[in-house]
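In what follows, a single structure is set out as structure tokens and then discussed.
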Amino acid sequence: MRITVDQDRCVGAGMCVMTAGEVFEQEDDGLVVLRMTEPPEQLAATVEEAEQLCPSRAITVLPAAP
């Protein structure tokens with residue numbers, strides 16, 4: 001899987017950090033920052049949950065590149 005975030009859409013709710021803190025963190029202004037763009041497969045479920053919980057839909061999870 002590959003993750004992208006749109007900081008222009010981010011509202012700083014922090015759901016991603018609370019759900020998958022291994023992958024996401026927040027800057028001082030609350031905006032999401034990726035700790036890793038291609039997390040290991042064992043984190044897939046929590047990353048996908050974070051994508052679904054994001055109120056601004058700033059997180060996109062894509063399949064891994066072949």
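Since the structure is predicted, the reported quantities are computational estimates derived from the model, not experimental observations.
- We find the CD-CE distance between Q52 and M15 to be 12.0 Å, quoted to the nearest 0.5 Å.
- Remark: the backbone N or O of G21 is paired with a side-chain donor or acceptor of R35 at under 3.5 angstrom.
- Checking T60, L62, V47 one by one against I3, the side chain to side chain contact (heavy atoms under 4.5 Å, CB included) holds for a single residue, V47.
- In this structure, E51 CD and T4 OG1 are separated by 8.5 Å, a value rounded to the nearest 0.5 Å.
- Scanning all heavy atoms of the two residues, the minimum distance from A20 to A50 falls at CB-CB, 4.5 Å.
- Residue-environment remark: CD (E41) stays at or below the threshold of 12 foreign heavy atoms within 6.0 Å.
- Within the 4.5 Å cutoff, side-chain heavy atoms of P39 are placed close to those of M1.
- In the displayed structure, R57 atom CZ is contacted under 6.0 Å by more than 12 heavy atoms of other residues, nucleotides or ligands.
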For this session: Quick one: do V33 and F24 satisfy side chain to side chain contact (heavy atoms under 4.5 Å, CB included)? Show the steps, please.
Result: CA-CA 6 Å; V33 177; F24 303 98; over 6 Å; no
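- Both L34 and V32 are assigned to one and the same hydrophobic cluster, defined by single-linkage of ILVMFWY side chains at heavy-atom distances under 4.5 Å.
- Once rounded to the nearest 0.5 Å, the distance linking CG of L31 with CG of D29 reads 4.0 Å.
- The closest donor-acceptor contact from the side chain of R9 to the backbone of S56 lies under 3.5 Å.
- In the hydrophobic clustering of ILVMFWY residues, with side-chain heavy atoms under 4.5 Å counting as a link, M18 and V11 come out apart.
- Following chains of ILVMFWY side-chain contacts shorter than 4.5 Å, one can reach I59 starting from L43, so the two form part of one hydrophobic cluster.
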For this session: Could you check Q26 against V17 for side chain to side chain contact (heavy atoms under 4.5 Å, CB included), going step by step and ending with a plain yes or no?
Result: CA-CA 7 Å; Q26 287 178 291; V17 176; 3.6 Å; yes
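- Rounding to the nearest 0.5 Å places OG1 of T46 at 5.5 Å from CD of E22.
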